Amino acid sequence: MTKTRDGFVSLRISKQVLRQWWHGFQFVGHYKIVIMHQYIKEFPTHEGKEITVKGWVANKRESKTNIFVVFRDGSGFAQCVISLDAVGEEQFELAKSLTQESSLALTGMVVKDEKQMGGYELQVSSLEIYHISAEYPIANKAHGVRFLADKRHLWLRSKRQWAIMRIRNELKMGIHEYFQNNGFIQMDSPIFTGSACEGTTDLFETDFFGEPAYLAQSGQLYGEAMAMAQGKIYTFGPTFRAEKSDTPRHLAEFWMIEPEMAFYTNEMNMDLIEAFTKHLINRVLKNNQTELEVLGRDISKLESVNQVFPRVKYVDAVQILQGNKEVNGKNAITVQEEDLAAAKQGIEEKNAEVKERETTIAGGVKKGVRKFNESKILQLKKEISTLEEQCRNIPKWIESARNFKDGEDFGGSDETVLTRVFDAPVMVYNWPSKIKAFYMKEVDGDPNYVKGVDLLAPEGFGEIVGGSERETSLDVLVRKIKEHDLPMSEFEWYLDLRRFGSVPHAGFGLGLARIVRWVCNLDHVRETNPFPRRYGRLTP
RNA sequence: GCCUUCAUAGCUCAGUUGGUUAGAGCGGUUGACUGUUAAUCAAUAGGUCCCUGGUUCGAGUCCAGGUGAGGGCGCCA
């Protein structure tokens, strides 16, 4: 029982229980009874009971005396059976008028049925329609990415998108849980920044009371200030990059998590990254089994996080990438050549199957058999075109990896080639100073390298975390700001952190979209955000 | 910005060496069917073949330019 705002006491109660209690129930004082509906996710606890659920029609199949509604209520999907006998003619006629995405309340008995997703179905005794949906544009079949992106506000209702958003939510909960349980304080870094430290080309400019202001690309420097006050902190907020990056890994607006820890070395930083990542993935594995199943995710690939993450120095990673150094008997270049050969063979096999199925159809078969073969052929052709794209790309990747110049940053394909030789996520550390940011601490005795670390996800997903130990010396920092040709005046407040009790500290940044993409095995980050903002897409 | 593939019904796609009246499935509508899993079966409506120009007796199909999209790369505290 909970007290409502108007001073009444509300009581969660089902219709059936209410009916049982009705005669013996005494109204004493100011009580109000609120009849609550239930949720599909709770079906197991309602087995054998009559309950009401409220939601939408995801799909409908109809026969003379039965209507099967695949019903969704946000908490899950379940089949609801409306039979003529149970609801009577009038309500059955009403049910016939239901279209995809019509909204309604269904009352009925929860019954176990192993064939159903979730293991239960609802045998409906009555229904109440809220709204009959107009013709719904998204059918229960394949659509193109452009069409779906235009219909994002509706696409979110699809089972696959439902699963992704739930996993995204679980990851966010896991992030807060991990940090809160480990002594971190969450801080909110500013979104408006007044200074354009490194030029304005990658920044979104806005008008701040007549002054130019820019949307934040990172909260890290502010996080460092807060870490000097609170010890261990993390930011969790939106960041904005105006780069014209049209790749499956980039968004113009994305959510970033940036922990910063006083008295942490890069070693400790890497330990944290590893423990943190393990926590997140294991939490999803435990709590999102249904969602992972909807996505068809290979669980064993995610379970690989429970191994020790390999830690590879940049110089060794370069050797591995160029094919000069093997990992567990695997050569990066050879693995790519094998992938290429496998793709070519796959194309041949699939082409042969297409021909075989076309011959079957040409022979004259029943409509059902023909349709089955036709849809198979369509699917095969799609798979073939994916493989053909691989055949075009892999040789370029091999070329790029072989000719990789020591001292440069890894490109998207280089990360893919590198991670293919590892089963677990891999950490690359001690990067060349030239390609990394000014605030990274130089490796002791070798100023050509800095104590930075990138976490690369397996299966070709690439960088999801970037971090480093921060430079502590005022003199070195001043020198580096000059070397990077940055405006010293903008960093005066940041340099104060090195003037007043400077300490060793480290931190990292995690892109939420990137980890969602990896966990859900998505081709593109555009599916990771409810309404993604990226180069070439601002609506809906 | 570069490379590459593509643009045909509301959606996903066929459309042969250029040939006369433009094809299927899904979705919509109507009807049939006692348990379906993207149900099935029968019927029905639905088209500026992206745009502009060219070659040709004839262009959805060939050529040139444009526009838009997919994939790869680049850019990328």
Side-chain angles (χ1 to χ4, degrees), chain A residues 58-70 77-85 99-100 113 115-117 121 123 134-151 159 197-199 201-203 216-221 223 239 241-252 256 258 358 361 366-368 370-375 377-379 381-382 385-386 388-397 399-400 409-414 416 431 435-440 450 452 463 466-468 470 484 486 507-509 511 523-524 526 535-537:
Chain A
N59 197 12
K60 189 181 80 164
R61 291 175 286 274
E62 217 177 307
S63 73
K64 191 173 187 178
T65 57
N66 285 307
I67 295 169
F68 302 94
V69 174
V70 177
F77 292 75
Q79 172 162 284
C80 300
V81 187
I82 302 168
S83 76
L84 181 57
D85 289 345
T99 53
Q100 190 183 355
D113 183 355
K115 281 183 294 183
Q116 304 305 330
M117 177 186 146
E121 71 172 19
Q123 292 183 346
E135 191 177 329
Y136 191 65
I138 302 175
N140 283 314
K141 58 167 299 186
H143 291 280
V145 286
R146 170 87 195 276
F147 176 79
L148 289 170
D150 287 341
K151 300 274 181 288
K159 206 181 252 183
C197 298
E198 296 188 42
T201 49
D202 293 345
L203 294 167
Q217 281 191 316
S218 161
Q220 186 203 309
L221 303 188
T239 44
R241 308 236 168 137
E243 300 149 8
K244 291 180 178 173
S245 303
D246 190 11
T247 84
R249 308 180 298 282
H250 289 90
L251 292 170
M256 192 148 71
E258 293 179 292
E358 279 172 351
I361 293 169
K366 277 186 188 169
K367 195 171 178 181
R370 197 187 78 213
K371 275 176 66 176
F372 175 76
N373 279 291
E374 276 171 353
S375 79
I377 288 169
L378 206 66
Q379 191 191 331
K381 281 189 176 174
K382 274 202 177 137
S385 84
T386 305
E388 280 171 348
E389 250 156 31
Q390 275 183 29
C391 287
R392 279 194 292 271
N393 294 330
I394 292 174
K396 289 187 211 160
W397 296 357
E399 193 73 5
S400 159
D409 204 356
F410 295 137
S413 72
D414 300 323
T416 304
W431 290 76
I435 58 168
K436 289 291 182 186
F438 75 92
Y439 53 70
M440 292 194 185
V450 289
E463 181 184 344
S468 72
R470 319 305 189 189
H484 281 78
L486 301 171
F508 64 89
D523 291 335
H524 203 294
R526 70 181 141 225
Y535 182 58
R537 169 67 65 176

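Sequence lines set the chain letters: A, B, ... in the order given, protein chains first and strands last, and positions in each chain run from 1. Here the structure is a predicted model, which is why all the values come from computation and not from measurement. Side chains are part of it too, since the values below use all heavy atoms of this structure and drop only hydrogens, waters and symmetry mates.
The closest side-chain donor-acceptor pair between A/Gln390 and A/Asn393, if any, does not fall under 3.5 angstrom.
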Between the protein and nucleotides 4-8 of chain B, are there any N/O to N/O pairs under 3.5 Å, and if so, what are the atom names and distances?
| from | atom 1 | to | atom 2 | distance (Å) |
| --- | --- | --- | --- | --- |
| B/U4 | O2' | A/Arg392 | NE | 3.4 |

Filtered N/O pairs between nucleotides 27-31 of chain B and protein, under 3.5 Å:
none

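In this structure A/Thr65 satisfies the side-chain contact (heavy atoms from CB on, under 4.5 Å) test together with A/Leu84, sequence neighbours excluded. Checked against side-chain contact (heavy atoms from CB on, under 4.5 Å), A/Gln217 has the following partners two or more places apart in sequence or in another chain: A/Asp202, A/Leu203, A/Arg241. Taking A/Lys159 as the reference, nothing meets the salt bridge (Lys or Arg N to Asp or Glu O under 4.0 Å) condition, with sequence neighbours excluded. Under the side-chain contact (heavy atoms from CB on, under 4.5 Å) criterion, A/Leu148 pairs with A/Ile138, A/His143, A/Trp155, not counting sequence neighbours. Residues meeting the side-chain contact (heavy atoms from CB on, under 4.5 Å) test with A/Ala58, sequence neighbours left out: A/Val70, A/Arg72, A/Phe77. Under the rule for a salt bridge (Lys or Arg N to Asp or Glu O under 4.0 Å), the partners of A/Glu62 that lie at least two apart in sequence or sit in another chain are A/Lys60. Shown here are the ring-ring contact (aromatic ring centres under 6.0 Å, His included) partners of A/Phe68, two or more places apart in sequence or in another chain: there are none. Every residue two or more places apart in sequence or in another chain that forms a ring-ring contact (aromatic ring centres under 6.0 Å, His included) with A/Phe410 is listed here: A/Tyr314, A/Phe404, A/Trp431. Under the side-chain hydrogen bond (donor to acceptor under 3.5 Å, both in side chains) criterion, A/Glu258 pairs with A/Ser218, sequence neighbours left out.
In this model, the phosphate group of B/G71 is approached by a side-chain N or O of A/Arg526 to a distance below 4.0 Å at OP1 or OP2. Residue A/Arg61 places none of its side-chain N or O atoms closer than 4.0 Å to OP1 or OP2 of B/U36. Under 4.0 angstrom from either OP1 or OP2 of B/C73 there lies at least one side-chain N or O belonging to A/Trp397.
Spacing between B/A7 and B/C63 at atom P, rounded to whole Å, works out to 13 Å.
As a whole-Å value, the separation of A/Glu62 CD from B/A38 C1' is 16 Å.
Stem list for RNA chain B (at least 3 consecutive Watson-Crick or G-U pairs, distances under 3.5 Å): B:1-7 with B:67-73, B:10-13 with B:23-26, B:28-32 with B:40-44, B:50-54 with B:62-66.
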